[in-house]
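Report on one structure; see the data block that follows.
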Number of protein chains: 2
Amino acid sequence: MEEMNIGQAAAAGGVSAKMIRHYEAIGLLSPARRTPAGYRVYRHHDVHNLRFIRQARRLGFSIEQIRQLLGLWQNQRRTSRKVKELAMQHIEALDERIRELQKIRQALAHLARHCQGDERPDCPILDGLAKGDV
Amino acid sequence: MEEMNIGQAAAAGGVSAKMIRHYEAIGLLSPARRTPAGYRVYRHHDVHNLRFIRQARRLGFSIEQIRQLLGLWQNQRRTSRKVKELAMQHIEALDERIRELQKIRQALAHLARHCQGDERPDCPILDGLAKGDV
DNA sequence: CTTGACCTTCCCATCATGGGAAGGTCTAGA
DNA sequence: TCTAGACCTTCCCATGATGGGAAGGTCAAG
């Protein structure tokens, strides 16, 4: 299976055919070669790219970050410094997001802790939302 | 200031005028009364609602969840059990999301830890993305 | 009466992804 | 050789919450 249609490439790369077309449309992938009938043709090399993208998406990198990572990956004269920089930035962003969510979780748990959760209507959670100070 | 235009209500409620119109359009808020000229008119009561929504959004509740919370808030025959249930569900979701992000963060930090971050091109981060197993 | 700050509706964009329609292509089997 | 059905193509629309901005109407102060 040296040459593939988009469906096979999608299955092999772990992404949907829909997304492959999208990645091509936004210039993340270079336009695929076409058969005379207009079908996109992919090779093993392309599947490699797709897997890279999938893995980067799984790690939460944005498309723009992946664009940079792909550029570095394909650039033999890259420095690992640059790559690590991108990764560290992303870790920072993840930490930030985790802290935010934990803060929210704390606030909500605090309200819930004081709520009886019984048949009566009195509810510190609703009161807390209604106060809306902060 | 017993009657307000949307701008004042927005400022008082801590949300944008744009969002007030949106909340009305999706039925989260009941349609505002209008002046003969078509301007929306708000009162203190409405600002109270806006604050509630803002606070719930800050705590990460979705619009649909807020729809339910508002319903409970305005229902004198609610049970705090129901409210607490919603809150606990949301806490669960937050925990889930936090765990996900921490897992991602771990994986990325693991790759970065082995990356020299120097002038050479060799980079375990790129290698890790390229493997794309998992 | 004019100016400028407000308001109205409507459309478009974000980000990554999927759904689905309308229509063309390919392949295996009768 | 014909046909069914599994592919492929492009194009448009939707998500969720939010903002930007255009075109045009309203209002209050000077």
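All chains are named by letter (A, B, ...) in the order of the sequence lines, taking the proteins before the strands, and each is independently numbered beginning at 1. Keep in mind it's a predicted model, so treat the numbers as computed, not measured.
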Please write out each protein N/O paired with an N/O of nucleotides 2-5 of chain D under 3.5 Å, distance rounded to 0.1 Å.
none

Enumerate the protein-to-nucleotides 23-25 of chain D contacts in which both atoms are nitrogen or oxygen and the separation is below 3.5 Å.
from, atom 1, to, atom 2, distance (Å)
dG25(D), N2, Tyr39(B), OH, 2.7

What protein N or O atoms touch nucleotides 19-21 of chain C N or O atoms at under 3.5 angstrom, if any, and at what distances?
from, atom 1, to, atom 2, distance (Å)
dG19(C), N7, Lys18(A), NZ, 3.1
dG19(C), O6, Lys18(A), NZ, 2.8
dG20(C), O6, Lys18(A), NZ, 2.3

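Considering only residues two or more places apart in sequence or on other chains, Arg105(A) meets the side-chain hydrogen bond (donor to acceptor under 3.5 Å, both in side chains) condition with Asp95(B). Listed by chain and residue number, Tyr42(A), Arg43(A) satisfy the side-chain contact (heavy atoms from CB on, under 4.5 Å) test with Asp46(A) (two or more places apart in sequence, or in another chain). Applying the salt bridge (Lys or Arg N to Asp or Glu O under 4.0 Å) test to Lys82(B) and every residue at least two apart in sequence or in another chain returns Glu85(B). Shown here are the side-chain contact (heavy atoms from CB on, under 4.5 Å) partners of Glu92(A), two or more places apart in sequence or in another chain: there are none. Residues forming a side-chain hydrogen bond (donor to acceptor under 3.5 Å, both in side chains) with Glu100(B) (at least two apart in sequence, or on another chain): Arg97(B). Every side-chain contact (heavy atoms from CB on, under 4.5 Å) that Gln68(B) has, sequence neighbours left out, goes to Leu86(B).
Whole-Å rounding puts the Arg54(A) CZ to dA16(C) P distance at 18 Å. At whole-Å resolution of the value, NE2 in His22(B) and P in dC10(C) are 15 Å apart. Taking atom CZ of residue Arg21(A) and atom P of nucleotide dG18(C), one finds them 12 Å apart after rounding to whole Å. Look at CE on Met19(B): it is 13 Å from P on dG16(D), rounded to the nearest Å. One atom, CE of Met4(B), and another, P of dC27(D), lie 18 Å apart when rounded to the nearest Å. In this structure, Leu50(A) places its CG atom 16 Å from P of dA16(C), rounding to the nearest Å. We find that CD1 of Ile53(B) is positioned 17 Å from P of dG16(D), with the value rounded to whole Å. Between the CZ atom of Arg58(B) and the P atom of dT18(D) there is a distance of 12 Å, given to the nearest Å.
Residues Tyr39(A) and Leu29(A) are members of separate hydrophobic clusters, defined by side-chain heavy-atom contacts under 4.5 angstrom among Ile, Leu, Val, Met, Phe, Trp and Tyr.
In this structure, Arg34(A) does not reach the dG24(C) phosphate: none of its side-chain N or O atoms is under 4.0 Å from OP1 or OP2. When the side-chain nitrogen and oxygen atoms of Ser16(A) are compared with OP1 and OP2 of dG18(C), one or more of them lie within a distance under 4.0 Å. Contact annotation: Arg40(B) does not reach the phosphate of dC7(C) (side-chain N/O to OP1 or OP2, under 4.0 Å). Between Arg57(B) and dT18(D), a side-chain N or O to OP1/OP2 separation shorter than 4.0 Å is present.
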Would you be so kind as to tabulate the donor-acceptor pairs closer than 3.5 Å made by side chains of residues 107-125 of chain A, with sequence neighbours excluded?
from, atom 1, to, atom 2, distance (Å)
Asp118(A), OD1, Arg120(A), N, 2.9
Asp118(A), OD1, Ser80(B), OG, 3.2
Asp118(A), OD2, Arg120(A), NE, 3.1
Asp118(A), OD2, Arg120(A), NH2, 2.7
Glu119(A), OE2, Arg81(B), NE, 2.8
Glu119(A), OE2, Arg81(B), NH2, 2.3

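Of the candidates dC8(D), dT17(C), dC7(C), the closest approach to any side-chain atom of Tyr23(A) belongs to dT17(C).
Gln8(B) places a side-chain N or O within 3.5 Å of a backbone atom of Asn5(B) that can act as its donor or acceptor partner.
Taken from CH2 in Trp73(B) to CD1 in Ile53(B), the straight-line distance is 9.0 Å, to the nearest 0.5 Å.
For residues 53-72 of chain B, the set of pairs meeting the ring pair (Phe, Tyr, Trp, His ring centres under 6.0 Å) definition, not counting sequence neighbours, comprises Phe61(B)-His90(B). Applying the side chain to side chain donor-acceptor pair (under 3.5 Å) test to every pair with at least one member in residues 17-33 of chain A, sequence neighbours left out, gives these pairs: Glu3(A)-Arg33(A), Glu24(A)-Arg40(A).
Where Asn5(A) and Phe61(B) meet DNA chain D, the nucleotide closest to each residue was compared, and Asn5(A) sits on the side nearer the 5' end.
Counting any heavy atom pair closer than 4.0 Å across all strands shown, Thr35(A) reaches no nucleic acid atom.
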